[in-house]
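Structure first, then comments.
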Amino acid sequence: AQSVSQHNHHVILSEAASLELGCNYSYGGTVNLFWYVQYPGQHLQLLLKYFSGDPLVKGIKGFEAEFIKSKFSFNLRKPSVQWSDTAEYFCAVISLLNAGNMLTFGGGTRLMVKP
Amino acid sequence: KAGVTQTPRYLIKTRGQQVTLSCSPISGHRSVSWYQQTPGQGLQFLFEYFSETQRNKGNFPGRFSGRQFSNSRSEMNVSTLELGDSALYLCASSLEPGAWETQYFGPGTRLLVL
């Protein structure tokens with residue numbers, strides 16, 4: 001069965017530190033990849049997505065992610081975090097191999113940024 | 001334009017009862033998906049509806065069901081509630097199935113089963 005792994009469940013950083021959150025998925029073929037963010041008390045919202053083309057994608061609020069097909073990874077990065085980045089981050093993947101596949105989410109990573 | 005709305009926002013039920021949750025998609029969105037979010041399991045896909053038909057279903061027991069109406073509004077029902085059904089239930093709408101870049105999530109309904 002397809003699965004998505006986020007190895008860091010909780011991350012604590014100080015402001016201005018660099019961030020990298022890992023995301024690995026288990027299945028091959030063509031995939032669409034997403035990172036979602038859920039700020040405290042707010043809706044889940046799309047941070048960035050990769051469908052095809054340049055494997056380095058840029059999203060909102062200075063976030064970026066790199067798709068490395070050989071490693072089945074789509075890690076999220078930000079050079080300098082802010083206190084307002086405190087949130088839960090979810091990686092999600094959908095395989096385009098079969099029609100009717102569902103969006104599969106990782107378990108999430110809770111990021112706390114200390115002011 | 002208004003976002004995805006879910007009612008009720010909070011619900012407390014006891015084991016064995018049933019519950020119905022409602023989702024109104026963004027105007028013009030015709031696909032509605034439901035997810036269960038728990039601290040241990042993250043977000044898990046429940047089902048997706050389009051044109052009043054269930055297109056896809058996740059790995060949940062038959063106690064979980066849903067439907068979609070002609071105006072694209074959707075409801076999900078959980079019968080014979082169990083303690084483990086306590087979760088945040090999220091609804092997401094998109095223009096059409098597979099249009100993930102247009103998918104927006106609602107605030108969720110937090111269900112507590114006692």
Side-chain angles (χ1 to χ4, degrees), chain A residues 1-10 21-25 30-53 57-60 65 74 87-111, chain B residues 1-7 9-10 23-26 29 31-51 53-60 64 66 76 87-110:
Chain A
Q2 53 196 21
S3 66
V4 180
S5 298
Q6 292 180 241
H7 305 295
N8 311 103
H9 298 295
H10 292 91
L21 302 182
C23 172
N24 288 89
Y25 58 94
T30 303
V31 292
N32 287 169
L33 301 151
F34 307 83
W35 274 98
Y36 286 86
V37 61
Q38 191 171 36
Y39 296 104
Q42 293 190 28
H43 304 190
L44 196 67
Q45 57 185 286
L46 183 64
L47 199 54
L48 48 77
K49 62 185 185 291
Y50 172 80
F51 287 175
S52 63
V57 292
K58 296 191 185 298
I60 60 172
F74 189 54
E88 189 161 16
Y89 294 81
F90 294 91
C91 178
V93 182
I94 183 160
S95 169
L96 303 182
L97 196 60
N98 301 308
N101 272 339
M102 64 196 76
L103 195 58
T104 302
F105 284 82
T109 297
R110 284 189 183 274
L111 170 67
Chain B
K1 102 179 147 178
V4 179
T5 57
Q6 292 186 245
T7 56
R9 294 292 312 278
Y10 303 92
C23 171
S24 293
I26 289 173
H29 284 196
S31 176
V32 173
S33 298
W34 288 89
Y35 298 86
Q36 182 194 65
Q37 184 178 4
T38 57
Q41 303 291 324
L43 276 101
Q44 293 185 285
F45 173 80
L46 280 156
F47 22 65
E48 178 189 20
Y49 285 90
F50 176 72
S51 292
T53 302
Q54 187 180 91
R55 288 190 75 250
N56 217 339
K57 187 174 177 13
N59 189 23
F60 279 82
F64 291 81
M76 67 162 280
L88 181 67
Y89 290 88
L90 294 174
C91 167
S93 75
S94 59
L95 282 170
E96 56 188 34
W100 307 110
E101 69 277 13
T102 71
Q103 182 170 254
Y104 288 88
F105 284 82
T109 293
R110 190 166 292 280

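Order of the sequence lines fixes the chain letters, A, B, ..., with proteins taken first and strands second; residue numbering starts at 1 for each chain. Below, all heavy atoms of this structure are taken into account, side chains as well, without hydrogens, waters or symmetry copies.
Remark: aromatic rings of F45(B) and F105(A) are distant, center separation not under 6.0 Å.
Residue Q42(A) does not touch chain B at all, counting heavy-atom pairs closer than 4.5 Å. Contact annotation for Y104(B): neither backbone nor side-chain heavy atoms come within less than 4.5 Å of a heavy atom of chain A. Heavy atoms closer than 4.5 Å to chain A are found in the side chain of L88(B), but not in its backbone. Proximity to chain A is limited to the side chain of Q37(B), based on heavy atoms less than 4.5 angstrom apart. Residue contact with chain B, scored on non-hydrogen atoms closer than 4.5 Å, involves the side chain of E88(A) exclusively.
To the nearest 0.5 Å, atom CZ of residue F47(B) and atom CE of residue M102(A) are 12.0 Å apart. Atom CD of residue Q44(B) and atom CG of residue L103(A) lie 13.0 Å apart, to the nearest 0.5 angstrom.
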W100(B) vs I94(A), side chain to side chain contact (heavy atoms under 4.5 Å, CB included): CA-CA, chis, key distance, verdict: CA-CA 9 Å; W100(B) 307 110; I94(A) 183 160; 3.1 Å; yes
Test log, rule side chain to side chain contact (heavy atoms under 4.5 Å, CB included), inputs L44(A) and L43(B): CA-CA 11 Å; L44(A) 196 67; L43(B) 276 101; 3.8 Å; yes
Residue pair Q103(B), Y36(A): steps toward the side chain to side chain contact (heavy atoms under 4.5 Å, CB included) verdict: CA-CA 11 Å; Q103(B) 182 170 254; Y36(A) 286 86; 3.4 Å; yes
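Surrounding NZ of K57(B) are more than 12 heavy atoms belonging to other residues, nucleotides or ligands, all under 6.0 Å away.
Interface remark: of the candidates G106(B), G42(B), G108(B), G106(B) forms the most heavy-atom pairs closer than 4.5 Å to chain A.
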